[in-house]
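Since the structure comes first, as structure tokens, the remarks are kept for the end.
None of these values were measured; they are calculated from a predicted model.
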Amino acid sequence: MYDPLVNAHPGIGAPHSSSYWADTAGIAPEDDGPVSGPLDVEVAIIGGGYTGLSCALHLAREHGIRAVVLEANQVAWGCSGRNGSFARISGGRVPLAELIRRHGPVTAKAYFDEMSAGLNTVRDLIHDGRIECDAQPDGVYKVASDAGHVDGLKREVGLYNDVLKYDARLVTAEQVNAVHGGAESFGALYMPDGFSMHPLKLAWGILRMAREAGATVHVGSPVTQWHSDKGDHRLVTPGGIVTAKHVVVATNGYTSPALHKATAGRVLPVHSQIIVTRPLTAEEKMQSLVGSECMFDTRNLLSYYRRLPDDRILFGGRSAITGRDAENPKHRQNLQDALCRKFPVLQGIGVDYNWGGWVAVSENSLPFICRVPGLHNVVCAGGYAGSGVSFSVQSGKRLAQMVAGDSQPTSVDFLHQIPRRFPFQPFLRVGQRLAYAWYRFKDAQ
């Protein structure tokens, strides 16, 4: 598997990774093929996922700027076509209490409002573009996987209600078991806003909207070299050199240090893996996931899961440390074991799909939408930490505003700060291994 810390770029026109999403998305909409010959453009966007496509769409639709998107493989080849499918009020991985402690209640509320706006941006795009992406009814459960976690959820609900003025609520074990059967369910924090959908269909819908608005989307066009001179940027692709006045970096967890030294080391790519079962019988469904709501648990190495429209269960979590180890069958087995601990009725159930991809964690575990230091007219966004379906779309919208001249399009200062580089970069994965071992120990207690 492509490893951002090892490989210079993700490939050249590689097909989508085998997954449930790729098999059920239907026929891909048209793109503009690979770059063929030199191009001179106003804005070049590196990365054809949610962030890049949203930026291209909003540049064209709201600012009259026709950008060119450069995607190494296929549109939404990375996280945008592989994710767990939850569009919710989320971004980064800092607990709410810690966010308030770090930045204060006013900034925490402003950030929550920006995340909420991101969810609404996704809703608006689905509505305006008539995107058929199998959107399910709203509802998000953070499930207490241990009885000792319930008190923490109570405190979190209080912060949502009192500080953020948001109607989260605590539901009892009996109430959550109406939709979440099985074990490891001792209550939950419930959020009424947030839904699941087909992530690749969503990306393809935004692609159609962006091209209809005037953007150009080139696939099979990785940036293999990047030179800056006299205010212009020359992006070398296999099919030709793209010269741009503005550059948007929208590669997130698929950002190689080889792309540019100015962007290197600012995110840690973390591998997330997903399995999808065979369709459930009626009895299995009644004793596992009756509803279609978004579910994730309170473990340190959390699991996320949902019932799909065809009655399969999607179940995901953290897995390999390196790309070289990503195909190891033990990671699939670990997920299947975790699934069956939650839902004993599924013991021995067949798994029809198994895939993974890279999410990006910043040094402060929060996302960023900022200018790249040392490079003229270059902006970037990322660090969604596996919770970025809606926030990546919102980030693309904010990047478009920055390209158009708004230096800080939100009131949340930390979003626009340059992410610090990770220290001791040659040893990053050593630290990650130690952290995972500690988290597994804590989760097993």
Side-chain angles (χ1 to χ4, degrees), residues 20-21 24-26 50 80 83-91 112 115-144 153 157 160-161 164 166-182 185 187-206 274 276-277 279-297 302-316 339 342-343 346 386-394:
Y20 176 82
W21 304 133
T24 58
Y50 293 146
S80 300
N83 64 72
S85 73
F86 296 175
R88 59 190 186 90
I89 303 173
S90 62
F112 182 80
M115 291 189 289
S116 299
L119 180 59
N120 289 331
T121 296
V122 174
R123 292 192 201 279
D124 291 343
L125 291 181
I126 292 172
H127 177 268
D128 295 346
R130 297 190 176 101
I131 300 174
E132 297 181 0
C133 58
D134 308 326
Q136 301 299 298
D138 277 60
V140 178
Y141 288 90
K142 182 177 180 179
V143 181
L153 292 184
V157 166
Y160 273 108
N161 297 164
L164 303 183
Y166 179 76
D167 186 27
R169 60 184 183 270
L170 189 76
V171 296
T172 66
E174 292 74 20
Q175 289 170 318
V176 74
N177 283 337
V179 293
H180 182 299
S185 176
L189 183 158
Y190 177 76
M191 298 180 72
D193 297 294
F195 62 95
S196 57
M197 44 71 221
H198 193 300
L200 186 52
K201 289 182 179 180
L202 174 63
W204 283 355
I206 302 174
I274 292 172
V276 171
T277 69
L280 306 182
T281 65
E283 181 181 354
E284 288 170 340
K285 184 170 71 172
M286 291 304 296
Q287 295 185 52
S288 56
L289 290 180
V290 178
S292 60
E293 292 87 353
C294 307
M295 303 272 183
F296 63 101
D297 65 21
L302 63 83
S303 300
Y304 51 92
Y305 43 101
R306 61 172 283 214
R307 184 171 60 79
L308 297 165
D310 59 0
D311 288 339
R312 302 171 186 268
I313 288 184
L314 175 150
F315 193 90
L339 168 68
K342 289 190 184 299
F343 308 112
L346 303 182
S387 299
V389 170
S390 56
F391 202 75
S392 60
V393 174
Q394 182 73 357

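- Judged purely by distance below 3.5 Å, without hydrogens or angles, the side chains of Ser85 and Arg306 pair a donor atom with an acceptor atom.
- By the ring pair (Phe, Tyr, Trp, His ring centres under 6.0 Å) test, Phe86 is found to be paired with no residue, residues two or more places apart in sequence or in another chain being considered.
- Separating the CG atom in Leu302 from the NZ atom in Lys142 is a distance of 8.5 Å, to the nearest 0.5 Å.
- The CD1 atom of Ile89 sits 12.5 Å away from the OG atom of Ser387 when rounded to the nearest 0.5 Å.
- Two residues are said to be in side-chain contact when any heavy atoms from C-beta on lie closer than 4.5 Å; Val140 and Asp193 fail this criterion.
- The distance from atom CZ of Arg169 to atom CE of Met191, rounded to the nearest 0.5 Å, is 11.5 Å.
- Residue-environment remark: CD (Glu132) stays at or below the threshold of 12 foreign heavy atoms within 6.0 Å.
- When all heavy atoms of Val389 and Val122 are compared, the pair lying nearest together is O-CG2, 4.5 Å.
- For the pair Asp297 (side chain) and Val143 (backbone), a donor-acceptor distance under 3.5 Å is absent.
- With values rounded to the nearest 0.5 angstrom, Leu289 atom CG is found 4.5 Å from Ile313 atom CD1.
- Looking at every heavy atom in both residues, Ile131 comes nearest to Leu202 through CG2-CA, 4.1 Å.
- With contacts defined as side-chain heavy-atom distances shorter than 4.5 Å, the pair Tyr141/Val179 qualifies.
- Here CG of Asp167 is found 9.5 Å from OH of Tyr190. Values are rounded to the nearest 0.5 Å.
- Put simply, the side chain of Phe315 does not reach to within 4.5 Å of the side chain of Val276, judged on heavy atoms.
- A search for side chain to side chain donor-acceptor pair (under 3.5 Å) contacts involving Asn177 returns Ser185, not counting sequence neighbours.
- The two atoms that bring Ser292 and Ser196 nearest to each other are O-OG, 3.7 Å, heavy atoms only.
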Where do Thr277 and Leu314 land on the side-chain contact (heavy atoms from CB on, under 4.5 Å) test, with the steps shown first?
CA-CA 7 Å; Thr277 69; Leu314 175 150; over 6 Å; no
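- Remark: Arg88 is positioned above the aromatic ring of Phe296, its terminal NZ or CZ atom under 6.0 angstrom from the ring centre and at most 45 degrees off the axis.
- The minimum heavy-atom distance linking Asp138 with Gly194 is given by the pair OD2-N, 2.9 Å.
- Rounded to the nearest 0.5 Å, atoms CG (Leu280) and CG (Leu346) are 6.0 Å apart.
- Side chain of Gln175 to backbone of Thr172: a donor-acceptor contact under 3.5 angstrom is found.
- Ring-plane geometry between Tyr305 and Phe343 is classed as perpendicular, the angle between the planes exceeding 60 degrees on a 0 to 90 degree scale with a lower cut at 30.
- The minimum heavy-atom distance linking Thr24 with Tyr20 is given by the pair OG1-O, 2.7 Å.
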Run the salt bridge (Lys or Arg N to Asp or Glu O under 4.0 Å) test on Asp128 and Arg123 for me, step by step, so that the C-alpha distance in whole Å, both residues' side-chain angles and the decisive distance to 0.1 Å come before the verdict.
CA-CA 9 Å; Asp128 295 346; Arg123 292 192 201 279; over 6 Å; no
Could you go step by step and tell me if Tyr50 and Asn83 meet the side-chain contact (heavy atoms from CB on, under 4.5 Å) rule?
CA-CA 11 Å; Tyr50 293 146; Asn83 64 72; 3.5 Å; yes
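- When all heavy atoms of Met197 and Trp21 are compared, the pair lying nearest together is O-CH2, 4.0 Å.
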